[in-house]
Amino acid sequence: MHPYRSILFVPAHKPDWAFKALAAGADCVVLDLEDSVPHDRKAEARATVRETLPKLRAERPEVGLFVRPNALATKMTGADLEAVVCPELDGIFAPKIKDATDVLRWETMIDWFEARNGAEGLEMIVPVEMVDAITNCFEIAAASPRVGAMIGPTSEHADIARAVGYRQSREGSETLYLRSRILLACRQNGLHPLTGLWEDLADLDGLRSFADYGLQLGFRGMIVIHPSHVPVVHEVFTPSDEEVAYHEELVATMDRAVAEGQGAVRFRGQHIDLAHADKARDWLAHARLVRGSATPA
């Protein structure tokens, strides 16, 4: 999956908001058919999504376009997918997954509607919002090649808070264990690890600190629910010129050392060896993707 820094949600029945999400510069936009759409407007929202996706794709071809359908238990999932799966779609944000079997149920339906509607290569973003999903996260991550990203759960009021019963703090330490499990499942299976959302719309300093803590843990992007959050999240999750220069210099220093028959040297006052160089190369490969270049390190 592309290393999206920001994944911005918009209600599916409000297409103007989707274009505002594009204008905000979000890496990925999710048109939400689930929690943000009243029940009596679900059918209308499906039709709106199908009309909106080609317009969004034409305006910003590089932006990821996903849809969150209604959960399997609602028995609306098939109707949602039948309406929205199309060539312009990049993937499905699959809610309320509990285990690997649920992933396979989603995969089967996506297979069917891809073939029927002329789409291909749809990926899945899996939010971990159920206690069962936290327990089964490693099986979920490995269940299907369509799973491209998982979300380390954190929110003040949403499903995961209700399911676990925690009280969210400003720093989010109460979800450290939950998020760490998801992060390790992503790393083990080569998925894009995303951290959860910041719900205080006006507190951008709090958002920055929260996002930076996610980056510190190892996450590579974040779910956002307001366009004003996008620039802050991008600032946090975009490697800086100084960081790139540091890692490039480290690799160059280690390459020279190896050429001279050494496996460990001093670099900017620190001991470095081959493992440091390997980590720096991995970091640079990701940094170049995020910064717009696919040139390998």
Side-chain angles (χ1 to χ4, degrees), residues 1-2 4-71 74 76-77 79-96 113 117-119 122-125 127 129 149 151 155-159 194 196-204 206-208 211 221-238:
M1 177 169 285
H2 184 79
Y4 301 120
R5 298 164 297 175
S6 60
I7 296 183
L8 177 57
F9 270 74
V10 296
H13 62 305
K14 297 183 178 181
D16 290 349
W17 289 26
F19 289 97
K20 290 178 181 178
L22 292 187
D27 287 349
C28 178
V29 176
V30 178
L31 303 176
D32 181 28
L33 287 167
E34 195 199 23
D35 290 341
S36 63
V37 178
H39 187 80
D40 62 355
R41 301 193 67 179
K42 298 287 188 182
E44 169 198 339
R46 293 180 192 122
T48 299
V49 168
R50 188 62 188 88
E51 294 172 2
T52 303
L53 284 169
K55 298 174 184 177
L56 296 174
R57 177 62 69 215
E59 183 162 328
R60 291 283 302 280
E62 76 282 5
V63 171
L65 297 178
F66 281 67
V67 170
R68 177 166 73 168
N70 290 281
T74 68
M76 292 188 285
T77 311
D80 290 341
L81 292 176
E82 182 176 25
V84 306
V85 169
C86 61
E88 292 82 12
L89 191 65
D90 289 306
I92 297 298
F93 192 104
K96 308 297 191 294
F113 288 112
N117 295 3
L122 296 186
E123 296 182 292
M124 293 171 61
I125 297 174
E129 46 196 347
I151 301 169
S155 75
E156 187 171 0
H157 301 294
D159 294 311
L194 298 160
L197 62 142
W198 180 257
E199 293 179 87
D200 190 334
L201 301 184
D203 185 3
L204 298 184
L207 167 65
R208 182 176 286 102
M222 185 170 173
I223 304 301
V224 292
I225 55 173
H226 195 271
S228 67
H229 289 189
V230 171
V232 176
V233 168
H234 285 189
E235 177 186 337
V236 171
F237 287 102
T238 303

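Predicted model only: the values in this text are computed from it and were never measured. Start at 1 with the first residue, then count along the sequence.
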Self-check item: ring-ring contact (aromatic ring centres under 6.0 Å, His included) partners of Tyr4, counting only residues at least two apart
Solution: His2
Exercise. Can you see which heavy atom on Pro11 is nearest to which on Ser36, and at what distance?
Key: CA-OG, 3.3 Å
Quiz item: Does Arg208 have any side chain to side chain contact (heavy atoms under 4.5 Å, CB included) partners at least two apart in sequence or in another chain, and if so, which?
Solution: Asp205, Val232, Glu235, Val236
Self-check item: CG-OG1 distance between Leu31 and Thr48, expressed to the nearest 0.5 angstrom
Solution: 10.0 Å
Quiz prompt | From CD (Glu129) to CD1 (Ile151), nearest 0.5 Å | solution = 8.0 Å
Self-check item: Taking every non-hydrogen atom, the tightest pair across Gly25 and His234
Solution: O-CE1, 3.0 Å
Practice problem: Walk me through it: do Asp90 and Arg57 pass the test salt bridge (Lys or Arg N to Asp or Glu O under 4.0 Å)? | Solution: CA-CA 10 Å; Asp90 289 306; Arg57 177 62 69 215; 2.7 Å; yes
Self-check item: From Ile223 atom CD1 to Ile7 atom CD1, the distance as rounded to the nearest 0.5 Å
Solution: 4.5 Å
Quiz item: For Glu82, does its backbone N or O pair with a side-chain atom of Asn117 as donor and acceptor, under 3.5 Å?
Solution: yes
Quiz item: Below 4.0 angstrom, N of the basic side chain to O of the carboxylate: do Glu62 and Arg60 qualify?
Solution: yes
Quiz prompt | Nearest-0.5 Å distance that lies between atom CD1 in Ile225 and atom CG in Leu8 | solution = 9.0 Å
Exercise. For the pair Glu88 (side chain) and Leu53 (backbone), establish whether a donor and an acceptor sit closer than 3.5 Å, ignoring hydrogens and angles.
Key: no
Quiz item: For Pro231, which residues count as a side chain to side chain contact (heavy atoms under 4.5 Å, CB included) partner, sequence neighbours excluded?
Solution: none
Quiz item: Okay, side chain of Asn70, backbone of Thr74: is any donor-acceptor separation there less than 3.5 Å?
Solution: no
Quiz item: Under 3.5 Å, is there a donor-acceptor pair between the side chain of Ser6 and the main chain of Asp27?
Solution: yes
Quiz prompt | Non-hydrogen side-chain atoms of Leu22 and Val29 separated by less than 4.5 Å | solution = yes
Quiz item: Would you say the side chain of Val230 lies within less than 4.5 Å of the side chain of Val224, judging by non-hydrogen atoms?
Solution: yes
Quiz item: What ring-ring contact (aromatic ring centres under 6.0 Å, His included) pairs are there with at least one residue in residues 7-35, not counting sequence neighbours?
Solution: Phe9-Phe93
Exercise. Locate the shortest heavy-atom distance separating Pro87 from Gly118; write the atom from each residue and the value.
Key: CG-O, 3.3 Å
Exercise. Determine whether Lys42 and Leu33 make a side-chain contact, defined as any pair of heavy atoms from C-beta on separated by less than 4.5 Å.
Key: no
Quiz item: Can you name the residues that form a side chain to side chain contact (heavy atoms under 4.5 Å, CB included) with Ser228, not counting sequence neighbours?
Solution: Leu204, His226
Practice problem: State, with a plain yes or no, whether a side-chain heavy atom of His39 is found less than 4.5 Å away from one of Met76. | Solution: yes
Quiz item: Looking at residues at least two apart in the chain, or sitting in another chain, which of them share a side chain to side chain contact (heavy atoms under 4.5 Å, CB included) with Ala119?
Solution: Val85, Glu114
Quiz prompt | Heavy-atom side-chain contact between Val63 and Leu56 under 4.5 Å | solution = no
Exercise. Please name the pair of heavy atoms, one in Ala211 and one in Met222, separated by the smallest distance, quoted to 0.1 Å.
Key: CB-SD, 3.7 Å
Quiz prompt | From Phe113 atom CZ to Ile92 atom CD1, the distance as rounded to the nearest 0.5 Å | solution = 10.5 Å
